[in-house]
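Quick notes on the structure that follows.
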Amino acid sequence: MKITASITYYYFFCFLLVILLISAKAIAEEGNGNAEQPAEVKKSDFPDGFLFGVSTSSYQIEGAILDDGKSLSNWDVFVRKRGSVNNGDTADIAADHYHRYLEDIEIIHSLGVDAYRFSISWARILPRGKLGDVNPAGIMFYNKIIDNLLIRGIKPFVTIHHYDFPQELLDRYGGWLSPFMQDDYVRFAETCFKYFGDRVRYWITMNEANLLSELAYEKGIYPPGHCSPPFGNCSAGNSDIEPLIAMHNMLLAHSKAVKLYREQFQHKQGGMMGVAVSAMMYEPLSDDELDKEAANRALAFSLAWGLDPLVYGDYPPEMRRYHGKELPTFTSEEKQLLSNSTDFIGLNHYATVYAKDCIYSNCMCSNTTCLPGENRAIKGFVSTITERDGVPIGEPTGMFQTFIVPRGIKEIVDYAKKRYPDKPVFIVENGYCPPWEHGEVDDLQHDTKRVEYHKAYIASLAQAIRDGADVRGYFIWTLMDAFVWSSGYDLKFGLYSFDRVTLNRIPRLSAKWYRDFLRKTSLKDLESRSAIPAINQDGLVPNVKHGSAEMA
């Protein structure tokens, strides 16, 4: 009997230990976005006509900053200010896409994507803004890109303004702090419609006006480098006011360009006009109602800041409540112009964070993981936190406060669906850069983390669509490693890397996975399939007749 009882107690103890281990694992996974394990995702999980693509921007990859009549841009000047960019990096050469665009288009084609999102350099098209002439060489360059994409069955998805503009406009009247910038932008947009619109069906007026306003006029890390304490110690600026002014002018510029397109071009060209916004997801830090309100407020002060005016004709009521007279006002005519001035919503999603209330709580920033000024109106009185009870929200990436949280892409799409129910959505940027460890990127070419990242985020997006979201495209950021603004070349987002000496493009494992995903094959088959061809010594994809594809 004693032996039997001992055995019984032994098995009971083992059973209890297993239960405890399972419970501990579940608790850890509940607070860790990286623990999400989606089912294997397939291209067939998405509706017919869904666009899969890759994204880039002109300044980040083109180089050739003064070639063929291009003028200096605001970024060309800013990068030369000491301390403005990591390692003193510049985009003078970048990936030299200006001279190697044709082989890059062959790479895009080899992936099997439906669409390619790229931007047009303002300084290459109108070097002196509206006071100068159109640059024929700039027009020819983008005509070649568009024509060569179409030859290969790839849809051009064009961003008109992606952070860079002629430095002369900054010198002349202060860039986006001046209402004069609106008319200059409309002239630029009109030039793009006139020369490219017969072949472009998807237009994004501006990239991340909400983020640009923050980084250029609140934190001062993008040109013109304006900020004030506690956000920074710049030589000029007011971090509480200038972001609101810059955003106001960009919203009006967008609406005026859309009005022009709809009145003079859309009926002939048949395109869609949209906007891309930075779309961070905010989750409440706790179940407290104050933190839940803080998460909703953070979404209003970021995403809705850039979208409410373009859908409903005015700023979010949450911003009106806390900003008061600091927030600019629209006239009745401007409200009418703004209302319903976007055909679709573009979301750039990279991060999900926890939100903590700063109205009734102390949110003074006192360590390196918090952000200054979170207890101010310009931040919506919200503190953003990446840990809860000591558990990170997900696995870290190479960007500050950016963790792998696949559920976040579904949550931000669901938010957009609820707030803007009649607007289709495109995910126009979603990407991964690995963290740096001891100065080196771990296993950069065999980037299994990037593969798993995109699998998880695409699976989460597929679930959002199954739940009724009208999502029509997903674009990986980015085709190749690029100049990442104030971070220089430290952050590696590319499906392809490039050698900064030879400029040769080198496919990563993620490029091979994306190709096979788009060909409806699984990751399990990856090792048995041939690799995407690397660029040969002449800078071309082997066995491709490049000359016949070149069009003026």
Side-chain angles (χ1 to χ4, degrees), residues 27 30-33 210-211 213-215 217-219 227-232 237-245 247-248 277-309 312 314-329 349-394 400-403 405 407-408 411-412 414-416 418-419:
I27 292 171
E30 183 178 357
N32 190 336
N210 55 342
L211 184 63
S213 298
E214 174 188 343
L215 299 182
Y217 299 98
E218 178 190 302
K219 296 182 178 179
C227 69
S228 61
F231 300 96
N238 183 329
S239 297
D240 293 305
I241 302 296
E242 287 190 355
L244 304 176
I245 296 172
M247 185 65 161
H248 195 74
V277 293
S278 175
M280 180 179 287
M281 184 60 204
Y282 298 87
E283 299 177 351
L285 178 64
S286 71
D287 291 332
D288 189 287
E289 287 301 319
L290 292 177
D291 285 348
K292 292 179 181 179
E293 291 177 10
N296 289 328
R297 197 163 59 247
L299 286 164
F301 273 67
S302 56
L303 187 76
W305 182 27
L307 292 177
D308 267 28
Y312 302 118
D314 205 352
Y315 290 113
E318 298 93 333
M319 296 188 73
R320 284 282 178 216
R321 177 182 178 185
Y322 291 103
H323 271 301
K325 294 181 179 180
E326 293 177 351
L327 192 63
T329 58
H349 177 72
Y350 292 92
T352 299
V353 295
Y354 296 123
K356 178 181 180 294
D357 172 68
C358 291
I359 297 177
Y360 300 100
S361 306
N362 181 11
C363 291
M364 296 299 292
C365 187
S366 59
N367 59 67
T368 58
T369 63
C370 64
L371 299 173
E374 292 180 324
N375 58 340
R376 302 171 81 97
I378 194 68
K379 305 306 294 182
F381 300 106
V382 177
S383 177
T384 55
I385 299 169
T386 57
E387 290 187 357
R388 182 166 59 192
D389 299 328
V391 179
I393 195 170
F400 176 69
Q401 276 205 328
T402 304
F403 293 75
V405 189
R407 67 178 181 272
E411 291 173 345
I412 198 68
D414 288 343
Y415 177 84
K418 182 177 180 180
R419 191 152 186 147

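Using a 4.0 Å cut-off between charged nitrogen and carboxylate oxygen, Arg376 and Glu218 do not count as a salt-bridge pair. Arg419 and Glu318 are joined by a salt bridge, as a carboxylate oxygen and a charged side-chain nitrogen come within less than 4.0 angstrom of each other.
In this structure, Val353 and Ile385 have side chains that are not in contact, with every pair of non-hydrogen atoms separated by 4.5 Å or more. Looking at Asp240 and Phe231, their side chains come closer than 4.5 Å, going by heavy atoms from C-beta outward. The shortest distance between side-chain heavy atoms of Ser239 and Tyr217 does not fall below 4.5 Å. Taking the side chain as every heavy atom from C-beta outward, Tyr350 and Met280 never approach each other to under 4.5 Å. With contacts defined as side-chain heavy-atom distances shorter than 4.5 Å, the pair His349/Met281 qualifies.
Across Pro309 and Ala304, no two heavy atoms sit closer than the pair CD-O, 3.6 Å. Summarising the geometry of Pro392 relative to Gly390, their closest heavy-atom pair is CD-O, 3.7 Å, with the distance given to 0.1 Å. Contact record, Pro230 with Pro372: O-CB, 3.3 Å, taken as the closest heavy-atom pair. Summarising the geometry of Ile393 relative to Val405, their closest heavy-atom pair is O-CG2, 3.7 Å, with the distance given to 0.1 Å. Here the closest non-hydrogen pair linking Ser213 and Trp305 is CB-CH2, 3.8 Å. Shortest non-hydrogen contact noted between Ala300 and Tyr415 is N-OH, 4.0 Å.
Within a 6.0 Å radius of CZ in Arg321, no more than 12 heavy atoms belonging to other residues, nucleotides or ligands are found.
Of the candidates Asp291, Leu299, Asn296, Leu299 is the only one forming a side chain to side chain contact (heavy atoms under 4.5 Å, CB included) with Tyr282.
Considering CG of Asp308 and CZ of Arg320, their distance stands at 11.0 Å, rounded to 0.5 Å. The distance from the CD1 atom of Ile378 to the CD atom of Glu326 is 7.5 Å, given to the nearest 0.5 Å. The line from OG of Ser361 to CG of Asp288 is 7.5 Å long, rounded to the nearest 0.5 Å. A distance of 13.5 Å separates CG of Asn210 from CZ of Phe301, quoted to the nearest 0.5 Å. In this structure, Arg388 CZ and Tyr354 OH are separated by 3.5 Å, a value rounded to the nearest 0.5 Å. Atom CG in Leu290 sits 8.0 Å away from atom CD1 in Ile359 (nearest 0.5 Å).
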Exercise for review: Assess whether side-chain hydrogen bond (donor to acceptor under 3.5 Å, both in side chains) is satisfied between His248 and Tyr315, documenting all intermediate values.
Suggested key: CA-CA 10 Å; His248 195 74; Tyr315 290 113; 2.7 Å; yes
Review point. Stepwise, does the salt bridge (Lys or Arg N to Asp or Glu O under 4.0 Å) test hold for Arg297 with Glu374?
Key: CA-CA 12 Å; Arg297 197 163 59 247; Glu374 292 180 324; over 6 Å; no
Check your understanding: So Lys292 and Asp357, salt bridge (Lys or Arg N to Asp or Glu O under 4.0 Å) or not? Walk me through it.
Key -> CA-CA 8 Å; Lys292 292 179 181 179; Asp357 172 68; over 6 Å; no
Practice item. Go through the steps to decide whether Glu283 and Thr352 satisfy the test side-chain contact (heavy atoms from CB on, under 4.5 Å), and finish with yes or no. Key: CA-CA 7 Å; Glu283 299 177 351; Thr352 299; 3.8 Å; yes
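Panel note: side chain Asn375, backbone Phe381; no donor-acceptor pair is recorded below 3.5 Å. A donor-acceptor pair is defined here as one N or O able to donate and one able to accept, closer than 3.5 Å; no such pair exists between the side chain of Ser383 and the backbone of Cys363. Proximity of a side-chain donor or acceptor of Ser278 to a complementary backbone N or O of Leu211 within less than 3.5 Å is not detected.
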